[in-house]
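One-based numbering along the sequence shown.
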Amino acid sequence: MCPMTTPTPDDAALTRAGLAPSGRGRVLLIACGALAREILDLKRLNGWDHLDLTCLPAILHNHPERITDAVRTVVARHREAYDRLCIVYADCGTGGALQAACADLGVEMIAGPHCYAFFDGLARFEARDEVTAFYLTDFLARQFDAFVWGPLGLDRHPELRDLYFGNYERLVYLAQTDDPALTEKARASADRLGLAFERRFTGYGDLARAIEAWAL
């Protein structure tokens, strides 16, 4: 019998609505919608059918002050239905609030300041100390307008570009997949921001290792 798979919703749905759990599996991963494709790929490639996935809307990354309460709500909603809950967020701009909440709730979370760091590898990311780099992942390359251009008002006031990005020197695209079309999207985003472009293939980085540990 073929394992059941969860179809991946489109990026717009992951951005605004997230992803509901399938109700199958013993371990629930509570993740950011920006990581849904990567997590579902890892589940499929490794046969981790005992892992279920639910995602909060990815757009919460533009409002990090809302992430901790949203995670608390999802943990309370699903705690009784699973043997274990794991939080697939890094700190993500919560200033330590998410880590404190996870400790209080007795659930584990992924290490690192944000997804850029765990895709690149925490040790490598910290060693680079790239304070003038602006990062995109596969998801953010696809959703650049929804997460950057539109929310900053650059679609209406492109003259504000240098105000927002004048202290950056380059856009670093952390690529999870080898997709020439997506690379061109990321390159075009760098051009729009007036930044030099660098593509760095990371694969799934520390995300894969964290989920593998939870899958055992």
Side-chain angles (χ1 to χ4, degrees), residues 8 11 14-15 18-19 27-46 48 51-64 67-68 70-71 74-75 84-103 105 107-144 147-148 170-179 182-183 186 198-216:
T8 307
D11 289 327
L14 290 170
T15 295
L19 178 70
V27 178
L28 179 65
L29 305 177
I30 300 171
C32 171
L35 303 176
R37 289 174 182 260
E38 289 75 20
I39 295 171
L40 291 171
D41 282 348
L42 287 166
K43 277 170 43 66
R44 176 181 54 80
L45 290 169
N46 292 281
W48 291 333
L51 302 182
D52 198 0
L53 173 66
T54 187
C55 292
L56 294 171
I59 201 64
L60 284 177
H61 269 293
N62 285 17
H63 304 280
I67 292 174
T68 301
V71 168
V74 176
V75 168
R84 187 182 184 189
L85 304 180
C86 301
I87 310 303
V88 197
Y89 272 91
D91 181 75
C92 297
T94 68
L98 182 57
Q99 183 175 8
C102 288
L105 293 166
V107 296
E108 300 174 64
M109 63 178 281
I110 199 165
H114 43 63
C115 60
Y116 316 136
F118 63 65
F119 277 136
D120 201 18
L122 293 180
R124 286 190 298 274
F125 187 86
E126 290 175 4
R128 296 185 205 277
D129 193 26
E130 296 174 312
V131 296
T132 60
F134 182 78
Y135 296 95
L136 294 182
T137 62
D138 280 9
F139 181 85
L140 292 174
R142 293 191 301 267
Q143 288 291 94
F144 179 81
F147 276 79
V148 181
R170 60 201 167 105
L171 182 150
V172 178
Y173 168 39
L174 302 175
Q176 285 71 70
T177 57
D178 267 321
D179 184 335
L182 202 50
T183 296
E198 177 185 344
R199 179 186 183 274
R200 187 179 300 159
F201 181 75
T202 65
Y204 299 140
D206 290 344
L207 177 67
R209 287 180 278 279
I211 295 178
E212 181 180 20
W214 290 332
L216 298 178

Straight-line distance of C32 SG to I59 CD1, nearest 0.5 Å: 9.5 Å

Please lay out, stage by stage, how D138 and T177 fare under the test side chain to side chain donor-acceptor pair (under 3.5 Å). CA-CA 7 Å; D138 280 9; T177 57; 2.7 Å; yes

Could you label the plane-to-plane angle of the H114 and F125 rings as parallel, tilted or perpendicular, counting under 30° as parallel and over 60° as perpendicular? perpendicular

Could you please spell out the steps behind the side chain to side chain contact (heavy atoms under 4.5 Å, CB included) verdict for E212 and N46? CA-CA 9 Å; E212 181 180 20; N46 292 281; over 6 Å; no

State, yes or no, whether a side-chain contact exists between T54 and V74 at a heavy-atom distance under 4.5 Å. yes

Closest approach of C115 and T137, non-hydrogen atoms and distance? SG-CG2, 4.3 Å

What are the two closest non-hydrogen atoms of A90 and I110, and how far apart are they? N-CG2, 3.4 Å

Can you measure from CD1 (I67) to OG1 (T94) and round to the nearest 0.5 angstrom? 6.5 Å

Do H61 and C92 have side-chain heavy atoms sitting under 4.5 Å apart? yes

Decide if atom CD of E198 counts as having more than 12 heavy atoms of other residues, nucleotides or ligands within a radius under 6.0 Å. yes

Do V27 and D52 come close enough that some side-chain heavy atom pair is under 4.5 Å? no

Given 3.5 Å as the limit, does a donor-acceptor pair link the side chain of D179 with the main chain of L182, or not? yes

Between the main-chain N or O of L174 and the side-chain N or O of Q176, is there a donor-acceptor pair closer than 3.5 Å? yes

A side-chain contact here means heavy atoms from C-beta on lying under 4.5 Å apart; do V88 and L207 qualify? yes

Can you see which heavy atom on I30 is nearest to which on V75, and at what distance? CD1-CG2, 3.8 Å

Determine the minimum heavy-atom distance between A58 and A34, stating which atoms define it. CB-N, 3.5 Å

Atom SG of C86 and atom CH2 of W214: how far apart are they, to the nearest 0.5 Å? 5.0 Å

Any side-chain heavy-atom pair from R124 and R200 closer than 4.5 angstrom? no

For side chain to side chain contact (heavy atoms under 4.5 Å, CB included), just list the numbers for L29 and I39, CA-CA rounded to whole Å, side-chain angles, deciding distance to a tenth of an Å, and then say yes or no. CA-CA 9 Å; L29 305 177; I39 295 171; 3.8 Å; yes

In Å and rounded to the nearest 0.5 Å, what is the CD1 to CG distance from I211 to L35? 8.0 Å

Please find the pair of heavy atoms, one from A186 and one from L171, that lie closest to each other, and give the distance. O-CD2, 4.0 Å

Side-chain contact test, heavy atoms from C-beta onward, threshold under 4.5 Å: evaluate it for V71 versus I87 and give yes or no. yes

Note, L136 side chain near V172 side chain (heavy atom, < 4.5 Å): no

Any ion pair linking D178 and R199 (charged N to carboxylate O, less than 4.0 Å)? yes

Residue from Y173, F144, F147 passing ring-ring contact (aromatic ring centres under 6.0 Å, His included) with F139: F147

Any donor-acceptor pair under 3.5 Å from D91 side chain to G96 backbone: yes

So, taking the atom named CZ in R37 and the one named CG in L19, what distance separates them when rounded to the nearest 0.5 Å? 11.5 Å

Is there side-chain contact between D120 and Y135, with heavy atoms separated by less than 4.5 Å? no

Considering all heavy atoms of both residues, which atom of G203 and which atom of F119 are nearest to each other, and what is their separation? O-CD2, 3.9 Å

Atom pair CG (L56) and CG (L14), whose distance is rounded to the nearest 0.5 Å: 11.5 Å

Y204/D41 under side chain to side chain donor-acceptor pair (under 3.5 Å): CA gap, chis, key distance, verdict: CA-CA 10 Å; Y204 299 140; D41 282 348; 3.1 Å; yes

Run the ring-centre check on F134 versus Y116 and record whether the distance is less than 6.0 Å. no

